[in-house]
Structures are given as C-alpha cells and as structure tokens.
Amino acid sequence: MVNTLDLLYTARNHSVNSLHLISWIKQVMVGFKGIGWLPEPKKEGKILGILAFETAKTMSRLISLYKSVSDEEISRLRNDVIRSKGVAFLNSGDENFLLSLASAERLEDLDHAAAAVARLGKKCTDFGLERFDLVYKELKSGVLSSGKMRYGSATAERKIRKMERLVAATSGLHAAVESLAEMEVSERKMKQWKSKDNDLQKANYDNLVHKLEIQRREIRNFKEISLWNKSFDKCVDLMARVVFVVHRRICALFGPRKRFPIKEKVFPHSGPLLTASKPVMVRFYSRKSGIFGEEEDDPRTNRVFHSARPETVGGSGLALRYANVILTAEKYLDSDVAISHVERESFYEMLPENLKFLVRAKLSKNMRCAGVEEGDALLAEGWRDGVAEILRWLAPVADDTVRWQMERSFEKTRFDARPTALLLQTLHFADREKTEAAIAEILVGLSCVFRFENRRFVHCDEFY
C-alpha cells in the first residue's frame with residue numbers, strides 16, 4: 001500500500017496543486033484501516049529496550065492530555081477554575097480570554113509530546129512513522145485529516161487503557177531495576193563481610209543472593225509485559241494515533257488555533273481588596289506579533305509561560321516566591337504555637353524589598369498594631385477572620401502555582417498520567433499590584449493576630 005507521506009513528498013516535488021493534493025490523499029486514505037491516516041505497520045523493527053522509560057514518560061504525558069480534555073475536566077475548568085474568586089480577580093474575568101490561554105497551553109503540551117513521539121519515530125522502520133514530525137505539521141496546517149478515531153470512542157478508550165497498562169508495567173520495571181541496583185550494592189558489601197568466616201554473615205549473604213535471584217526474575221517478567229520488549233513501530237503508531245485524537249478534541253472544544261492581537265485586559269474596580277484604586281490594565285503578549293501566533297517555534301519553548309508581561313507576578317519572576325509566602329502565612333495562621341526566631345527570619349527573607357515597603361506603609365498609615373493592648377481576644381479574632389477571608393480565595397491559586405511548578409520539574413522522571421494544572425489558575429498571570437496588596441493585608445493581619453494573642457510573628461518594628 002502506498003504511504004501517505006510518500007504521496008505528499010512526491011506531490012510537492014512535482015508542484016501538484018494543493019487542492020488536487022488533498023483530494024489525492026483523501027482517495028488513498030479511503031482504503032486505510034484504523035484511524036484512516038496511516039496503515040498498520042507491517043514490520044516489527046527494533047525493540048525499545050532502555051528507551052522504554054522515555055517512551056513511558058511520553059505515553060504518560062499523552063494520557064494526561066487525553067484526560068485533561070474530558071467532559072468532566074472541561075466542565076471543572078469552565079465552572080470552577082475560571083469562575084473562582086482568585087482567578088477572576090487576579091488574572092481576568094474574561095472567560096474567552098482565559099479559555100484561549102487554556103487552549104494554547106494544552107496545544108503547546110501536545111506539541112511537546114508530539115516532538116517526543118517524532119524523536120522515537122526516527123528509529124521506526126515504517127516510512128510514515130519515521131516522518132511523524134512532518135505528518136504532525138501537516139495535521140496542524142490542515143492538509144491532513146485527524147482520521148476516523150474519535151475522542152471518547154470505544155477504540156480510543158481501548159488504546160488509552162492499553163497505554164496505561166504498558167506505562168504501569170514499565171513503571172514497575174523501573175522500580176524493580178532501582179531496587180536491584182540497591183541490592184547489588186548491599187551484596188558487594190556483604191561479600192566482604194562473608195570472608196571473615198562468620199556463620200551469621202554467611203547466612204545473611206545467602207539470603208540476599210536468593211532475593212537477588214527473585215528480583216532478577218521479576219525484572220525479566222516485567223521486561224516481557226512492559227514497553228521494554230515492544231517495537232518502536234508499534235509504540236510510535238499507538239502514540240501517534242492518540243496525538244491525532246487529542247488534537248482533534250482540543251480544536252473541537254476551543255476552536256482552531258488563531259492569531260490573537262495584543263490585548264489589554266481592564267479589571268473592574270470591585271473586588272476583595274482594591275476598591276478605591278484605578279482600573280489596572282495588564283497586557284499579555286508573545287514575543288511574536290500576537291499572543292500566540294501561527295509561527296512554529298522550538299517545541300521545547302514554553303510560549304505561554306513567556307507571554308506574561310512584567311506587570312504580572314509571573315512576568316516579574318515572583319510567582320513561586322509569592323506562592324510560598326502565601327502558603328507559609330496560611331500555615332502560621334492555622335498554628336497555635338509561637339513562631340521561632342529562625343522561622344521569623346526565614347519568612348522575612350522571603351519578602352522582596354518592595355513588599356516590605358508596602359507592609360511598612362500600611363502599618364505606618366493605619367497604625368494597626370499601635371495603641372492596642374496585647375491579649376485583646378476580640379481584636380485578634382477580628383483580624384484572624386479578615387486574614388482567613390483573603391486566604392480562602394488566594395491560597396488555592398498559590399497551591400496551584402506550586403503544583404504547576406512541581407509537575408513541570410518532575411515531568412522528566414515521573415510516570416503520572418493525571419491531568420496537570422494550567423498556568424491560568426496560578427499566580428503566573430496575576431496582576432502584581434493586586435497580589436502584593438493581598439499579601440500585604442495578610443502580613444499586617446498576621447502581625448496583629450500574633451500581637452493580640454501574645455505570640456510573636458513579625459513585629460511591626462521589624463519592617464522598619
């Protein structure tokens with residue numbers, strides 16, 4: 001059977017009209033089985049071997065993406081995440097804008113996964129799979145159809161379950177190999193002790209040797225059922241089909257990828273904190289001419305991440321730092337013990353100079369901690385309620401900020417297929433002025449709570 005990529009390559013070399021090209025490809029694809037864009041590979045080719053672990057991570061990423069665009073997750077995104085108080089107040093109240101960020105980030109995640117599939121595809125014997133990078137580009141440009149397999153169909157769900165089984169077995173193999181390495185280190189040490197003619201040491205050594213034999217047998221079994229013993233062609237073919245399904249699903253949910261002009265988001269006056277300030281305009285842009293252009297950048301580049309303006313928390317490089325400040329403050333509020341000097345110093349050093357200045361200004365202007373007797377339970381309770389109210393909508397955004405960072409930091413080593421957090425639900429795109437005002441309110445409140453409760457947090461004088 002003629003390969004789709006052969007037709008594409010030949011047609012372009014002979015300057016075939018694009019409409020004729022599409023018609024030609026569609027005619028050939030009619031006879032294809034499966035999803036309709038690529039015939040089943042006929043040759044097994046080389047097996048993955050040690051690359052099974054890299055493949056399992058790529059499969060995990062694809063499973064995660066597949067689950068992240070389920071009806072349940074999209075409903076949660078629209079009804080809970082986007083409408084949450086923290087996201088709406090700090091980031092934007094424009095649902096369409098936030099959905100465009102979600103779409104762009106999921107497509108970017110899919111680009112990264114497809115790039116990993118393409119790298120593995122270079123080792124395939126099938127010509128189409130070996131050129132999967134070109135296939136994916138043609139899919140995104142609209143030249144190739146996404147095929148017959150639909151999201152949520154029995155076929156798609158079956159393939160996802162197959163990938164989950166393979167990932168689970170490969171994860172088990174990875175754990176077994178690491179355990180074997182530790183046992184072999186112990187064996188070498190015990191081998192030296194055994195030479196001292198100690199019956200107990202000999203018995204322990206023999207027991208360890210027996211365990212090593214069992215462990216090696218377990219590893220052989222894992223290799224048989226995991227990706228270790230699977231061919232590049234079969235694995236890349238399986239992942240490529242899921243890439244097509246997820247791409248089609250994202251486009252169906254959010255619409256095709258568009259070029260967005262640079263926008264200004266005007267936030268309303270009303271909100272949990274800044275009720276008397278002017279509207280804050282936060283610009284979101286990309287390094288190209290629009291928010292997220294059609295140009296193909298390096299797939300390793302996180303264009304959504306770099307689209308945050310300097311006026312945002314993420315654009316200032318403070319997202320994770322502020323998230324840790326917020327979560328630490330929440331921990332201190334829930335604590336009923338005094339904070340040690342070392343903890344106070346550590347927390348104080350987390351604050352950038354501009355935030356220290358903002359807290360000083362609030363304390364100086366309002367004199368909130370001055371002229372009030374320590375041990376005033378009524379005032380302490382009032383401040384506690386005020387701080388807790390802010391944390392109710394601010395802490396979830398801080399939690400998601402840490403979660404997003406952790407998911408990306410451990411992505412290269414994990415086999416977790418759960419849906420990941422989106423940047424829009426973190427502090428990354430949060431207006432910096434509003435975020436710092438909220439944090440300052442929390443710090444002033446905590447200082448007063450601790451003062452009135454005869455506990456020491458960060459005394460007012462420490463900010464001067």
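Computed from a prediction, not measured in an experiment: that's the story for all the values here.
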Lys/Arg cation over aromatic Y348: K356, 6.0 Å, 45° cone: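 Cation-pi check for K356 and Y348: passes.
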Should E72 and R76 count as an ion pair when the cut-off is N to O under 4.0 Å?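 Not counted as a salt bridge, because no side-chain N and carboxylate O are separated by less than 4.0 Å.
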Are D237 and R241 close enough that some pair of their side-chain heavy atoms sits under 4.5 Å apart? yes
Determine whether a donor-acceptor pair (N or O, by modelled atom type, separation under 3.5 Å) exists between the side chain of E108 and the backbone of R303. yes
Do V245 and R150 pass the side-chain contact (heavy atoms from CB on, under 4.5 Å) test, and can you show the C-alpha distance, the side-chain angles, and the key distance before you say yes or no? CA-CA 6 Å; V245 171; R150 299 293 185 266; over 6 Å; no
In Å and rounded to the nearest 0.5 Å, what is the CD1 to CZ distance from I74 to R249?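 One finds 6.5 Å between CD1 of I74 and CZ of R249.
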Using a strict 4.0 Å threshold on nitrogen-to-oxygen distance, state whether R392 and E389 make a salt bridge.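 Judged by the 4.0 Å cut-off on N to carboxylate O distance, R392 and E389 do form a salt bridge.
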Find the distance between OG1 (T125) and CG (D233) and round it off to the nearest 0.5 Å.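 Separation between the atoms: 3.5 Å.
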Minimum heavy-atom distance A113-R61, with the two atoms named: N-NH1, 3.3 Å
Which atom names give the shortest non-hydrogen contact between A395 and L327, and what distance separates them? O-CD2, 4.1 Å
Rounded to the nearest 0.5 Å, what separation is found between the CD atom of Q425 and the CH2 atom of W404? 11.5 Å
Gap between atom CG of D385 and atom CD1 of I390 - 0.5 Å precision: 11.5 Å
From D431 atom CG to T312 atom OG1, the distance as rounded to the nearest 0.5 Å: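 Atom-to-atom, D431:CG and T312:OG1 are 8.5 Å apart.
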Presence of salt bridge, D126 and K234, under 4.0 angstrom: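 So K234 does not pair with D126 through a salt bridge.
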Those residues at least two apart in sequence (or on a different chain) that pass ring pair (Phe, Tyr, Trp, His ring centres under 6.0 Å) with Y66 are Y151
Do the two ring centres, one from F222 and one from W228, sit under 6.0 Å apart? no
Report yes if the side chains of I250 and V246 come closer than 4.5 Å at any heavy-atom pair, otherwise no. yes
Say whether, by atom type as modelled, one donor and one acceptor occur between the side chain of S316 and the main chain of P310 under 3.5 angstrom.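 Answer holds: yes.
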Could you give the distance from CG (L90) to NZ (K85), rounded to the nearest 0.5 Å? 11.0 Å
Residues passing the salt bridge (charged side-chain N to carboxylate O under 4.0 Å, His left out) test with R161, sequence neighbours excluded, are none
Is there a donor-acceptor contact under 3.5 Å from the side chain of S141 to the main chain of E138?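 Indeed, once roles are kept as given, a pair shorter than 3.5 Å links the two residues.
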Worked verdict on V387 versus E441 for side-chain contact (heavy atoms from CB on, under 4.5 Å): CA-CA 7 Å; V387 173; E441 288 284 345; over 6 Å; no
Are the charged groups of E164 and K67 less than 4.0 angstrom apart, N to O?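 Yes, charged N to carboxylate O under 4.0 Å.
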Sub-4.5 Å side-chain heavy-atom contact between V359 and L351: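 V359 does not reach L351 side chain to side chain.
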Is R119 salt-bridged to D133, cutoff N-O under 4.0 Å? no
Does the side chain of I47 come within less than 4.5 Å of F232's, by heavy atoms? no
Between R403 and E407, does any NZ, NE, NH1 or NH2 come within less than 4.0 Å of an OD or OE carboxylate oxygen? yes
Electrostatic pair E184:R216 at N-O distance under 4.0 angstrom: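 Yes, this pair counts.
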